A.B. asks: 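What follows is a structure written as structure tokens; I'll ask about it next.
Every value quoted in this text rests on a predicted model; they were computed, and no experiment measured them.
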Amino acid sequence: MGRFFRSQGNPRVAYAVEEFDAIVTQQVAVLAGLLADCPEEEAGELAAQALELMLFYPIPADSNIAFSLAAFEGRAQPLVVFLPPRLRQEAARRYAKRTPPRRMFPNQQKLWKELSLL
């Protein structure tokens with residue numbers, strides 16, 4: 001039933017969303033593994049660049065696409081640990097400004113809370 005509502009009854013859309021989710025999850029895991037082997041400062045800068053792309057993209061006018069993209073934002077969570085405190089605070093501030101915490105989906109709230117921890 002969830003698949004039906006998420007894809008509005010289109011099985012091709014459901015398949016594309018599931019495939020995209022698997023790819024994003026894998027790519028973030030690979031990136032996190034690579035960052036673990038980098039010097040701390042470099043890892044922080046690269047993680048910040050990746051989070052910029054994953055969290056601060058232009059919001060699409062189509063609400064269905066915007067909803068789907070917001071669902072994938074939580075996949076960025078493994079990258080947060082690489083951010084130095086200054087960049088974490090800045091990302092948390094910008095993220096809450098973009099989507100107020102009371103309007104965030106559970107995955108977004110979890111990510112925002114992790115960004116806010118120091």
A.B. asks: Between L83 and L87, which heavy-atom pair has the shortest distance, and what is it?
C.D. replies: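 Reported closest heavy-atom pair: CD2-CB, 4.2 Å.
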A.B. asks: Determine all donor-acceptor pairs shorter than 3.5 Å in which one atom belongs to a side chain in residues 101-108; sequence neighbours excluded.
C.D. replies:
{"unit_1": "N107", "atom_1": "ND2", "unit_2": "A70", "atom_2": "O", "d": "3.2"}
{"unit_1": "N107", "atom_1": "ND2", "unit_2": "A71", "atom_2": "O", "d": "2.8"}
{"unit_1": "Q108", "atom_1": "OE1", "unit_2": "F105", "atom_2": "N", "d": "2.8"}
{"unit_1": "Q108", "atom_1": "NE2", "unit_2": "E73", "atom_2": "OE1", "d": "2.9"}

A.B. asks: With ILVMFWY side chains joined below 4.5 Å, transitively, what does I23's cluster contain besides itself?
C.D. replies: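 Via sub-4.5 Å side-chain contacts, I23 links to none.
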A.B. asks: Applying ring-ring contact (aromatic ring centres under 6.0 Å, His included) as the test, list every pair that has at least one member in residues 69-90; sequence neighbours left out.
C.D. replies: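 As it turns out, the ring-ring contact (aromatic ring centres under 6.0 Å, His included) pairs with a partner in residues 69-90, which skip direct neighbours, are F20-F72.
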A.B. asks: Just verifying a value: how many Å separate L79 CG and E114 CD, rounded to the nearest 0.5 Å?
C.D. replies: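 Answer rounded to 0.5 Å: 10.0 Å.
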A.B. asks: Quick one: side chains of residues 34-56, donor-acceptor pairs under 3.5 Å with protein atoms, not counting sequence neighbours, listed by atom name and distance.
C.D. replies:
{"unit_1": "E52", "atom_1": "OE1", "unit_2": "R94", "atom_2": "NH1", "d": "2.7"}
{"unit_1": "E52", "atom_1": "OE1", "unit_2": "R94", "atom_2": "NH2", "d": "3.4"}
{"unit_1": "E52", "atom_1": "OE2", "unit_2": "R94", "atom_2": "NH2", "d": "2.9"}

A.B. asks: By the rule that ILVMFWY residues connect when side-chain heavy atoms come within less than 4.5 angstrom, directly or transitively, which residues belong alongside Y57?
C.D. replies: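 Y57 shares its hydrophobic cluster with I65, L69.
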A.B. asks: R93: which residues meet the side chain to side chain donor-acceptor pair (under 3.5 Å) condition with it, sequence neighbours left out?
C.D. replies: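 Testing R93 for side chain to side chain donor-acceptor pair (under 3.5 Å), a comparison that skips the adjacent residues, returns E90.
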A.B. asks: Suppose we screen for side-chain contact (heavy atoms from CB on, under 4.5 Å). Which residues come up paired with A66, at least two apart in sequence or across chains?
C.D. replies: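 Applying side-chain contact (heavy atoms from CB on, under 4.5 Å) to A66 gives I59, P60.
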A.B. asks: Apply side chain to side chain contact (heavy atoms under 4.5 Å, CB included) to the pair L117 and R88, showing each step before the final yes or no.
C.D. replies: CA-CA 8 Å; L117 292 176; R88 281 177 87 153; 4.2 Å; yes
A.B. asks: Would you list the pairs meeting salt bridge (Lys or Arg N to Asp or Glu O under 4.0 Å) in which at least one residue belongs to residues 56-66, sequence neighbours left out?
C.D. replies: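 Matches after skipping sequence neighbours: none remain.
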